[in-house]
Amino acid sequence: MGGKVVVITGAARGQGAAAAALFAREGASVVITDTNPEGESVAKDVNGVFIQHDVGAATDWDRVIKETTGRFGRIDALVNNAGIYRPATLLDTDESLWEVHQRANVRGVFLGMRAAATVMTKAGHGSIVNVSSTAGLGAYPGVFAYATSKWAVRGMTKLAASELAASGIRVNCVLPGMIDTPMLSGNSPERLKEYASRLVIGRMGRPDEVARVVVFLSSDAASYVTGAEVAVDGGGMVI
């Protein structure tokens, strides 16, 4: 990743921050975006750039693209990592909860791919990694809006990969499972412990374990990989 320019959304903490740190260690110039101002300190730690950014706003994406290309001249990779997780069943999901998941997890990925691909097409190369979830692989009860949005990310990844290949742009998808990040704080400790005990590996994953896959898919080492879905889930749950 030496010399490449990478934009990572939702990188103020958790998986995004871990990815930013690894990209920086690999020699990339890192642009961190988030609504959370804590992203500023993460950017300082990796000698990167922080841009406050609402992924659901097209005007914010215009600003991120303009500031990044203005500073670095290009964008080699985009990691659509930003997202929200608020567990609720179908009957407990009101329109507001539905819309907030769609805005961050679906609209944000759509806007990000469209914005970055415009720049990457002109350069003739690029890599986009979308972060979905293993909740988008099956019927997980209690996370209706979240799981629906992550199914959508998988579909968008496949479609974008087929449309953008001719422009030299690869689009892939990472599907984390039970990763130990603040995003899971909506679950009780008892529920998390019970879920972790059912995993094949028998523990929750670490953010850096997801980051390694994200960096690989963004790198030239994955030059023949597009439209792929990589689950980082400790083998999944034992039924």
Side-chain angles (χ1 to χ4, degrees), residues 1-55 57-83 108-109 111-131 157 160 164 167-174 176 181 206-223 225-226 230 232:
M1 294 302 298
K4 292 189 181 295
V5 179
V6 183
V7 176
I8 311 171
T9 68
R13 59 181 185 171
Q15 293 172 179
L22 185 54
F23 273 116
R25 288 198 296 272
E26 294 291 324
S29 296
V30 181
V31 176
I32 291 169
T33 86
D34 208 301
T35 57
N36 187 343
E38 291 178 11
E40 185 74 53
S41 63
V42 176
K44 289 180 180 178
D45 289 342
V46 301
N47 196 30
V49 175
F50 173 68
I51 302 175
Q52 196 135 9
H53 176 207
D54 172 4
V55 296
T59 52
D60 272 22
W61 273 108
D62 291 342
R63 180 167 50 81
V64 168
I65 297 301
K66 183 177 180 180
E67 290 187 22
T68 302
T69 56
R71 180 182 290 259
F72 298 106
R74 65 186 195 280
I75 298 173
D76 299 298
L78 166 67
V79 181
N80 277 314
N81 171 77
V109 171
L111 291 175
M113 289 195 297
R114 188 180 66 175
T118 300
V119 175
M120 294 174 177
T121 296
K122 294 176 182 178
H125 67 87
S127 171
I128 298 172
V129 177
N130 296 324
V131 179
T157 298
L164 298 175
S167 299
I169 303 168
R170 297 181 299 103
V171 188
N172 293 290
C173 187
V174 174
T181 71
R206 302 187 308 272
D208 66 282
E209 292 174 310
V210 179
R212 293 187 198 118
V213 178
V214 170
V215 171
F216 165 71
L217 290 174
S218 302
S219 73
D220 293 339
S223 58
V225 181
T226 196
V230 183
V232 187

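No experiment lies behind these values; they were computed from the predicted model shown. Quick note: numbers below take in every heavy atom, side chains included, and nothing from hydrogens, waters or symmetry partners.
- Evaluation of the side chain to side chain contact (heavy atoms under 4.5 Å, CB included) rule for R25 yields A21, L22 as partners, not counting sequence neighbours.
- If you take CG on L164 and OG1 on T226, they are separated by 8.0 Å, rounding to the nearest 0.5 Å.
- Applying the side chain to side chain contact (heavy atoms under 4.5 Å, CB included) test to S219 and every residue at least two apart in sequence or in another chain returns M1, F216, A221.
- Checked against salt bridge (Lys or Arg N to Asp or Glu O under 4.0 Å), D45 has no partners two or more places apart in sequence or in another chain.
- A salt bridge links K4 with D220: at least one charged nitrogen is closer than 4.0 Å to a carboxylate oxygen.
- Remark: R114 engages no residue in a side-chain hydrogen bond (donor to acceptor under 3.5 Å, both in side chains) (not counting sequence neighbours).
- Applying the ring-ring contact (aromatic ring centres under 6.0 Å, His included) definition to pairs two or more places apart or across chains, those involving residues 57-82 are H53-W61.
- Taking 4.5 Å as the limit, every side-chain heavy atom of I65 sits out of range of all side-chain heavy atoms of V7.
- Listed by chain and number, the residues in a side chain to side chain contact (heavy atoms under 4.5 Å, CB included) with A17 are V42 (sequence neighbours excluded).
- Partners of N130 under the side-chain hydrogen bond (donor to acceptor under 3.5 Å, both in side chains) rule, at least two apart in sequence or in another chain, are N80, T157.
- In this structure, the side chains of R170 and M120 stay at 4.5 Å or more apart for every pair of heavy atoms.
- Counting only residues at least two apart or on different chains, the salt bridge (charged side-chain N to carboxylate O under 4.0 Å, His left out) pairs with a member in residues 64-74 are R63-E67, R74-D76.
- No side-chain heavy atom of T9 sits under 4.5 Å from any side-chain heavy atom of V64.
- Judged by distance alone, with hydrogens and angles left aside, the side-chain atoms of D34 form a donor-acceptor pair with the main-chain N or O of A12 at under 3.5 Å.
- Not a single side chain to side chain contact (heavy atoms under 4.5 Å, CB included) links D62 to another residue, sequence neighbours left out.
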